*Asks:* 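This is the structure I want to talk about, given as structure tokens.
Side chains included, hydrogens not; waters and symmetry mates left out as well; all remaining heavy atoms used. Residue numbering restarts at 1 for every chain, and letters A, B, ... go by the order of the sequence lines. None of these values were measured; they are calculated from a predicted model.
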Number of protein chains: 2
Amino acid sequence: MLGRIPKRTITRLTLYYRGLAESRRGDFVSSNEMSKLTGFSADQIRRDLSYFGQFGISGRGYSVVGLRKKLIKILGVDKQCNVAVVGAGNLGSAMLKYGGFEEHGFRIVCGFDANQGKTGRSIAGKRIFDFSRIKKVSRRLKIKIAILTVPAPVASVVARKIVESGIKGIMNFAPINLHLPTTVQVLNMDMGISLQRIAFLLKKGGYR
Amino acid sequence: MLGRIPKRTITRLTLYYRGLAESRRGDFVSSNEMSKLTGFSADQIRRDLSYFGQFGISGRGYSVVGLRKKLIKILGVDKQCNVAVVGAGNLGSAMLKYGGFEEHGFRIVCGFDANQGKTGRSIAGKRIFDFSRIKKVSRRLKIKIAILTVPAPVASVVARKIVESGIKGIMNFAPINLHLPTTVQVLNMDMGISLQRIAFLLKKGGYR
DNA sequence: CCTTGTGAAGTTATTCACAGCA
DNA sequence: TGCTGTGAATAACTTCACAAGG
């Protein structure tokens, strides 16, 4: 167990966690059942879990409760993580209004915007601060991750300032490549690119 | 050239295209310059491009115009692709209002919602149709891709109906695993999972 | 029987390294 | 010299297949 963990394993673990939450029947769940639930192969699931120790029972499977706890611990879902939305436009506002992250341990605590017309007021009970104050506010509110929803032309500059403020994780919705220090974890959610990938796969008939 | 193209190559091609659009100086661009622009290795870039034929010039690099045209052709950006938003809530409305997809060849033509209070009217000039009409409307408007922004509990059912209506590409924002026929291309944009991945990498210090 | 966990094999993707061209 | 394009080597990841446990 626990050599080097493949990157994709982490993504899958979140999906196992999700899948486990969906079905809640029986005390034990086998890798085969998990496979049907998540679409990944049973082999893969066992391998992924084995990176973190052995907690399955031969002939039975994994204790649902135990597996759940394990995944929570691995993924750190037990700890609260505060998140801020940077850019209170259409998409940013939608994020602020969406409450679905809480159950996974993430709390959107506030927004930031550079536009005077948006700062000061609240959206879904979350205050929109002036972006210039991000350093102080994010420190005070212990913000660990920023959701970046500003327009593409300013995204690079804004991202750099986010990093300067001490935030080390960014979920980037702007359709550009931010290049930031490798100490910063950036995850791109570029919808244009996603549409292009889908379109390409449709044209090509997918990978069979 | 052109054996089997790695899946990830497609994702990268869209990023090369994007990177190319960002810098527009000089007639030629080398794989090394592209590397700095996109963050992928020059080797990787050359390999990826070589799957689609040889159009670089030794000692100079790739013609910016030529490469751009090639990428457009490979990715099919030249063709219009019509998209619908299914679920006109906060996120769906934000999508309808966002105009940034057009330049990449995607046009959001309409929305669908099952809620009487939302159907009939328009958002950002795009009509919201009753979801029950999706089959006819999507056929008439030649919709190829659906952006799924309905709440998680109904997402499975809605997705199935989308597929029945003949749409074969789905960008899924609902935080659940849709399992659909393999002929359907699904791309998950689960923000909860993305946050978890970022949080995990922050904790672990990333992959160096 | 049914399971897990894991070496070994197989597959896929990336990097190395260099011949050949401008 | 500076660059591409690509075999060969390497690394990363997944699947096979089976011993061992229940």
*Asks:* Between P on C:dT11 and CZ on A:Arg8, what's the gap in Å once rounded to a whole number?
*Replies:*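 Nearest whole value for this atom pair: 18 Å.
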*Asks:* Measuring from the side chain of B:Ser31 (C-beta onward, heavy atoms only), which nucleotide among C:dT4, D:dA17, D:dT4 has the closest atom?
*Replies:* D:dT4
*Asks:* In whole angstrom, give the distance that lies between atom OH of B:Tyr51 and atom P of C:dT12.
*Replies:* 12 Å
*Asks:* Quick check for you: among C:dC21, D:dT14, D:dC13, whose closest atom lies nearest to any side-chain atom of B:Ser58?
*Replies:* C:dC21
*Asks:* Is the closest side-chain heavy-atom distance between A:Leu67 and A:Met34 below 4.5 Å?
*Replies:*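 With C-beta onward as the side chain, the pair touches.
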*Asks:* Relative to each other, are the rings of B:Phe40 and B:Tyr16 parallel, tilted or perpendicular (30° and 60° limits)?
*Replies:*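 Taking B:Tyr16 first and then B:Phe40, their aromatic rings stand perpendicular (interplane angle over 60°).
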*Asks:* Hey, does B:Thr9 reach any base, or is it just sugar-phosphate, or nothing, if we go heavy atoms under 4.0 Å?
*Replies:*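 B:Thr9: no heavy atom of the nucleic acid under 4.0 Å.
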*Asks:* Nearest whole angstrom, please: distance from the P of C:dC16 to the CD1 of B:Ile45.
*Replies:*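 One finds 14 Å between P of C:dC16 and CD1 of B:Ile45, rounded.
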*Asks:* What's the closest nucleotide to the side chain of B:Gln54 if the choices are C:dC16, D:dT4, D:dG5?
*Replies:*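 Between C:dC16, D:dT4, D:dG5, the one nearest the side chain of B:Gln54 would be D:dG5.
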*Asks:* Quickly work out the A:Tyr62 OH to C:dC2 C1' distance and round it to whole Å.
*Replies:* 14 Å
*Asks:* Which whole-number value in Å describes the distance from A:Ile5 CD1 to D:dA11 P?
*Replies:* 20 Å
*Asks:* Rounded to the nearest angstrom, tell me the gap between atom CZ in B:Arg60 and atom P in D:dT1.
*Replies:* 19 Å
*Asks:* Assuming nearest nucleotide by heavy-atom distance, tell me which of B:Ile57 and A:Phe55 is located more 5' along DNA chain C.
*Replies:* A:Phe55
*Asks:* Side chain of A:Gln44 only, please: which of D:dG2, C:dA17, D:dT15 is the nearest?
*Replies:* D:dT15
*Asks:* Measure up the A:Phe112 and A:Phe131 rings against each other and bin them: parallel (under 30°), tilted (30 to 60°), perpendicular (over 60°).
*Replies:* perpendicular
*Asks:* Looking at B:Arg47 and C:dT15, is any side-chain donor or acceptor paired with a base atom of the opposite kind under 3.5 Å?
*Replies:* yes
*Asks:* Could you give the CD-to-P distance, from A:Glu33 to C:dT3, as a whole number of Å?
*Replies:* 8 Å
*Asks:* Rounded to the nearest angstrom, tell me the gap between atom CG in B:Asp43 and atom P in C:dA17.
*Replies:* 10 Å
*Asks:* Taking atom types as modelled and ignoring hydrogens, do the side chains of B:Asn177 and A:Thr38 form a donor-acceptor contact shorter than 3.5 angstrom?
*Replies:*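 Note: B:Asn177 and A:Thr38 side chains miss the donor-acceptor criterion.
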*Asks:* Measure from the side-chain N and O atoms of B:Ser35 to the backbone N and O of B:Ser31, and report whether any donor-acceptor pair falls under 3.5 Å.
*Replies:*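 No, because the side chain of B:Ser35 does not come within donor-acceptor range (under 3.5 Å) of the backbone of B:Ser31.
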*Asks:* Any N or O donor-acceptor pair under 3.5 Å from the base of C:dG5 to the side chain of A:Arg46?
*Replies:* yes
*Asks:* Across the strands shown, which category fits A:Gly59 at heavy-atom distances under 4.0 angstrom: base, sugar-phosphate, nothing?
*Replies:*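 Touches a base.
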*Asks:* With respect to the side chain of B:Pro6, which nucleotide from C:dA13, C:dC21, C:dG5 is positioned closest?
*Replies:* C:dA13
